[in-house]
Amino acid sequence: PSASRPPRPSRWRRWDRRYGLWKRRHLISSYVTHPGTLLDYGCATGVFLDYMGRHHWKTFGVEPNSYAADYARNRFHLQIFSSSVSAKDFFAQESLDVVTLWDVLEHVSDPLTLLRNLSLWLKPDGYLILTLPDPDSWERRWFGRYWVGWDLPRHLYLFPRSTLRLLLTRCGFRIEEMTHFTGRYHTFLMSLTWLLQDKWPQERSRKILFAILRSWPLRLAGLGLFKLSDRFCPGTSLTVIARKRYD
C-alpha cells in the first residue's frame with residue numbers, strides 16, 4: 001500500500017489525538033524537565049515522535065511493521081529501525097534519556113531480553129515509560145472473557161503488578177509510579193462492545209445503544225467518572241514510570 005497521507009480524521013478524532021499527545025508529553029516532562037533523547041519502541045506511524053520532535057526532543061523509533069515504518073520515515077523524516085537488532089549498533093550504552101513503549105510490551109515475544117537491552121541504552125537515572133493492560137483491573141474481573149485486554153492472539157503476555165515489579169527489577173529498573181492516565185472510557189467501551197455483541201443479538205438496537213455510548217455528552221461525563229474511579233479501582237490501561245537504577 002501507498003505511504004501517502006491517510007484519510008483525514010474527524011474533528012473529534014483530531015482533538016482526541018492532540019489531547020492524547022499532550023498528556024504523554026506532560027507525563028514525561030513531569031519527570032524529565034529538559035528535552036533530551038527519546039526512543040519510542042513500537043512507534044507505529046511516528047505521530048508521537050513527530051510531536052515530541054516539535055517540542056525539541058531528539059527522537060528515534062523502532063517499528064517492525066514495514067508500512068508504518070515507511071510512513072514515519074517519509075511523512076515525518078524520522079529515523080526508524082525495523083527491530084532492536086537493527087538498532088543495537090546505533091545506540092551507545094547509556095545514551096538515551098527516555099524510552100517509551102505505548103501498549104507494546106504485551107506484544108513482545110521476549111520481554112525480558114528487550115527490557116534488559118533498553119536498560120543498557122538508557123543513561124543512569126534515565127526513564128522507561130510504558131502502558132499495558134492491567135489484569136488486576138476491575139474491568140478484567142467484571143467483563144471476564146470479554147475484557148479487551150486479552151486481545152488474543154495479538155497479546156502474548158499479560159503482567160500482574162507483582163510480576164511486572166519483579167520483571168522490571170530484574171532488568172535494572174526501579175518503579176517510580178504506577179498510574180492510569182489513558183484509555184479509561186475507550187477501553188471500557190471496547191470491552192462492553194465485545195460483551196454486547198455476544199449477549200445482545202438485536203443488531204439495530206445494539207447500534208443505537210453504541211451510538212449513544214459514543215456520544216459527546218457521555219464521553220465527557222465518562223472522562224470525569226473514570227478519572228475519579230482510578231483513585232479507588234483502577235481500570236484497564238496501566239502506565240508505569242520506571243527509572244534505571246545506578247546502584
For the residue pair [X] and [Y], establish whether any side-chain heavy-atom pair is separated by less than 4.5 Å.
X: Phe60; Y: Phe91; result: yes
X: Leu132; Y: Val240; result: yes
X: Tyr127; Y: Leu122; result: no
X: Tyr146; Y: Leu196; result: no
X: Trp138; Y: Phe188; result: yes
X: Thr45; Y: Arg75; result: no
X: Leu38; Y: Leu49; result: yes
X: Phe173; Y: Ser119; result: yes

Under 3.5 Å: donor-acceptor pair, side chain of [X], backbone of [Y]:
X: Asp151; Y: Arg154; value: no
X: Arg243; Y: Asp125; value: yes
X: Thr131; Y: Trp102; value: no

*Take Ser191 and Trp142 through the test side chain to side chain contact (heavy atoms under 4.5 Å, CB included) and record every step on the way to the result.*
CA-CA 10 Å; Ser191 296; Trp142 198 81; over 6 Å; no

_Phe76 and Tyr71: CA distance, side-chain angles, deciding distance, side chain to side chain contact (heavy atoms under 4.5 Å, CB included) verdict_ = CA-CA 8 Å; Phe76 300 119; Tyr71 181 88; 4.0 Å; yes

*asked:* Whether Arg24 and Asp40 form a salt bridge (side-chain N of Lys/Arg under 4.0 Å from carboxylate O of Asp/Glu) is what I want to check.
replied: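 Arg24 and Asp40: not salt-bridged.
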
_Carboxylate-amine/guanidinium contact Asp50 Arg54, below 4.0 Å_ =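 So Asp50 pairs with Arg54 through a salt bridge.
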
Working to the nearest 0.5 Å, report the span between [atom1] of [X] and [atom2] of [Y].
X: Ile80; Y: Asn74; atom1: CD1; atom2: CG; value: 10.5 Å
X: Arg73; Y: Gln79; atom1: CZ; atom2: CD; value: 9.0 Å
X: His34; Y: Trp57; atom1: NE2; atom2: CH2; value: 10.5 Å
X: Ser137; Y: His180; atom1: OG; atom2: NE2; value: 7.0 Å
X: Arg140; Y: Trp150; atom1: CZ; atom2: CH2; value: 5.5 Å
X: Leu96; Y: Thr37; atom1: CG; atom2: OG1; value: 6.5 Å

*Using a cut-off of 6.0 Å, state whether more than 12 heavy atoms not belonging to Arg170 lie near its atom CZ.*
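No, not enclosed.
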
Please tabulate, for the side chains in residues 156-168, all donor-acceptor contacts under 3.5 angstrom to protein atoms that are two or more places apart in sequence or on a different chain.
{"unit_1": "Tyr157", "atom_1": "OH", "unit_2": "Ser109", "atom_2": "O", "d": "3.3"}
{"unit_1": "Arg161", "atom_1": "NE", "unit_2": "Asp134", "atom_2": "OD2", "d": "3.3"}
{"unit_1": "Arg161", "atom_1": "NH2", "unit_2": "Asp134", "atom_2": "OD2", "d": "3.1"}

*Give the C-alpha distance, both sets of side-chain angles, the deciding distance and a yes or no for side chain to side chain contact (heavy atoms under 4.5 Å, CB included) between Glu177 and Thr239.*
CA-CA 8 Å; Glu177 183 182 2; Thr239 298; over 6 Å; no

*Give the intermediate values and the outcome of side chain to side chain contact (heavy atoms under 4.5 Å, CB included) for residues Leu238 and Asp136.*
CA-CA 10 Å; Leu238 175 66; Asp136 295 327; over 6 Å; no

*Are Leu120 and Leu39 linked, directly or through other ILVMFWY residues, by side chains that come within less than 4.5 angstrom of each other?*
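No, it is not one cluster - the side chains of Leu120 and Leu39 are not joined through contacts under 4.5 Å.
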
_Ignoring hydrogens, what is the shortest heavy-atom contact between Lys123 and Ser95? Give both atom names and the distance._
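In this case the closest contact between Lys123 and Ser95 is CE-O, 3.7 Å.
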
